[in-house]
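I have placed the structure first, in the form of structure tokens, so that the comments after it can refer back to it.
Counting convention: from 1, in listed order, for ligands and their atoms alike.
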Amino acid sequence: MQWTLVVPLKPLPQAKSRLADTADDGLRPGLALAFAQDTVAAALGCPAVRDVVVVTNDALAARELAALGAGTVPDLPRAGLNAALAHAATVVGAARRAASVAALNADLPALRPSELARVLDAAAEFPRSFLADSAGLGTTLLAASRGRELRPQFGVGSRARHRASGAVELTLDAVDSVRQDVDTGGDLRAALALGVGPRTAAAAARLPAGQQ
Ligand SMILES: Nc1nc2c(ncn2[C@@H]2O[C@H](COP(=O)(O)OP(=O)(O)OP(=O)(O)O)[C@@H](O)[C@H]2O)c(=O)[nH]1
Ligand SMILES: C=C(OP(=O)(O)O)C(=O)O
């Protein structure tokens, strides 16, 4: 089965606020863009992925991610993350005759196509399923098979909410790169240890010594 991935991205000046201790206002937007570029490039390199659609109101990010081969959909005004995802999932479902759709966070700079393929192949067995993040509290991927609604409930504590919503938790080993979202300086160090994509490696090299 091939999937359409929907990747949500905040306007870059507001993105990754929890990285403020690691990257100042001058560097943080570029770091957030680099995470999204490496995430989208890895996703587009995954054999289980048919296409990637980024939902964002950020014009620069939309342009840069379209240059990698992603489609883009604008956010609904002031609706928030879950409304943006549900909207984008509806748009791509309508355009692609009830495609199988998965939401994937934009902050997975260590993402490996082969690990994403294993997660999506496992997700194909269930109507709705999700993968917990490396911290064990959040979600990095929520999948809905053909014809099923995504019903996203991302945000703080989303692992428990997705489970309570009836989505099946995917319990795969050795898919660390799909779980490793980057919210804090510690997360960034963990992602760098796994091995990040080239744009994040370049952006991280510009951080002050000790923050990389
Ligand atoms: N399109 C869209 N994406 C969003 C919105 N809110 C959050 N996101 C994206 O959803 C994912 C998780 O978002 P958050 O953890 O809330 O925000 P973040 O920028 O990653 O980090 P913090 O600012 O530290 O909370 C990231 O890929 C965000 O860019 C929104 O309102 N619209
Ligand atoms: C939005 C989520 O991610 P983050 O860890 O970036 O807040 C989530 O886990 O639901």
Side-chain angles (χ1 to χ4, degrees), residues 5-25 27-43 52-62 64-66 70-92 101-111 119 128-143 150-165 167 169-170 176 178-188 190-191 197 199-200 203:
L5 299 188
V6 175
V7 175
L9 183 61
K10 269 187 200 172
L12 295 176
Q14 282 131 53
K16 292 291 143 210
S17 55
R18 281 168 283 173
L19 277 177
D21 291 348
T22 301
D24 66 21
D25 293 356
L27 292 176
R28 217 163 50 251
L31 198 55
L33 176 59
F35 294 168
Q37 289 173 310
D38 285 336
T39 302
V40 166
V52 175
V53 174
V54 179
V55 54
T56 189
N57 274 344
D58 192 287
L60 168 67
E64 293 291 331
L65 297 167
T72 60
V73 171
D75 263 29
L76 295 173
R78 288 179 296 283
L81 168 57
N82 289 309
L85 282 173
H87 165 66
T90 303
V91 170
V92 303
V101 174
L104 181 73
N105 285 4
D107 59 357
L108 304 170
L111 186 63
V119 172
R128 267 176 83 244
S129 57
F130 70 98
L131 189 74
D133 68 7
S134 56
L137 297 173
T139 306
T140 56
L141 177 143
L142 173 70
L150 195 57
R151 290 164 48 211
Q153 300 189 41
F154 284 86
V156 175
S158 64
R159 180 188 193 176
R161 273 198 308 284
H162 283 139
R163 199 188 276 153
S165 77
E169 178 161 357
L170 300 170
D176 296 359
V178 198
R179 296 188 192 272
Q180 188 60 66
D181 53 356
V182 175
D183 291 318
T184 65
D187 294 335
L188 180 57
R199 297 153 193 98
T200 301

Between Pro152 and Ala86 the two heavy atoms that sit nearest each other are CG-N, 4.0 Å
For atom 4 (C) of ligand 1, which of the options Leu81, Val182, Asp58 provides the nearest non-hydrogen atom? Leu81
Show the atoms of ligand 1 that are less than 4.0 angstrom away from any heavy atom in Gly80. 30 (C), 31 (O)
Heavy-atom pairs closer than 4.0 Å: do any link ligand 1 to the side chain of Leu9, the backbone, both, or neither? both
Side chain to side chain, Pro13 and Asp58, heavy atoms closer than 4.5 Å: yes
Would you say Thr56 and Lys10 make side-chain contact, with heavy atoms under 4.5 Å? no
Can you sort out which atoms of ligand 1 are near Ala106, meaning under 4.0 Å from one of its heavy atoms? 27 (O)
Taking Asp38's backbone N and O only, do any of them form a donor-acceptor pair with Arg199's side chain (distance below 3.5 Å, no angle check)? no
Residues passing the salt bridge (charged side-chain N to carboxylate O under 4.0 Å, His left out) test with Asp107, sequence neighbours excluded, are Lys16
N/O of Val55 under 3.5 Å from N/O of ligand 1, yes or no? yes
Report every pair formed by an N or O atom of ligand 2 and a protein N or O atom separated by less than 3.5 Å, giving atom names and the distance to 0.1 Å.
residue	atom	partner	partner atom	Å
ligand 2	5 (O)	Asp181	OD2	3.2
ligand 2	5 (O)	Asp183	OD2	2.7
ligand 2	6 (O)	Asp183	OD1	2.9
ligand 2	6 (O)	Asp183	OD2	3.4
ligand 2	7 (O)	Arg18	NH2	3.2
ligand 2	9 (O)	Thr139	N	2.9
ligand 2	9 (O)	Thr139	O	3.4
ligand 2	9 (O)	Ser158	OG	3.3
ligand 2	10 (O)	Gly155	N	2.8
ligand 2	10 (O)	Gly155	O	3.1
ligand 2	10 (O)	Ser158	OG	2.6

Taking atom 14 (P) of ligand 1 as the point of reference, which of Lys16, Arg78, Arg18 owns the nearest heavy atom? Arg18
Any N or O of Ala15 closer than 3.5 Å to N or O of ligand 1: no
Tell me, do Leu111 and Val178 make a side-chain contact under 4.5 Å, heavy atoms counted? yes
What protein heavy atom is closest to atom 23 (O) of ligand 1, reported as residue, atom name and distance in Å? Ser17 OG, 2.7 Å
Distance to 0.1 Å, residue and atom name: give those for the protein heavy atom nearest to atom 27 (O) of ligand 1. Pro8 O, 2.9 Å
Any idea how His162 and Phe154 line up, ring-wise: parallel (<30°), tilted (30 to 60°), or perpendicular (>60°)? perpendicular
So do Phe35 and Asn105 actually touch side chain to side chain, heavy atoms under 4.5 Å? no
For Asp21, enumerate each residue passing the side-chain hydrogen bond (donor to acceptor under 3.5 Å, both in side chains) test, keeping only those at least two apart in sequence or located in another chain. none
With respect to Asn105, determine whether any N or O atom, backbone or side chain, lies less than 3.5 Å from an N or O atom of ligand 1. no
Listed once per pair and sorted, the salt bridge (charged side-chain N to carboxylate O under 4.0 Å, His left out) pairs that draw on residues 73-84, sequence neighbours left out: none
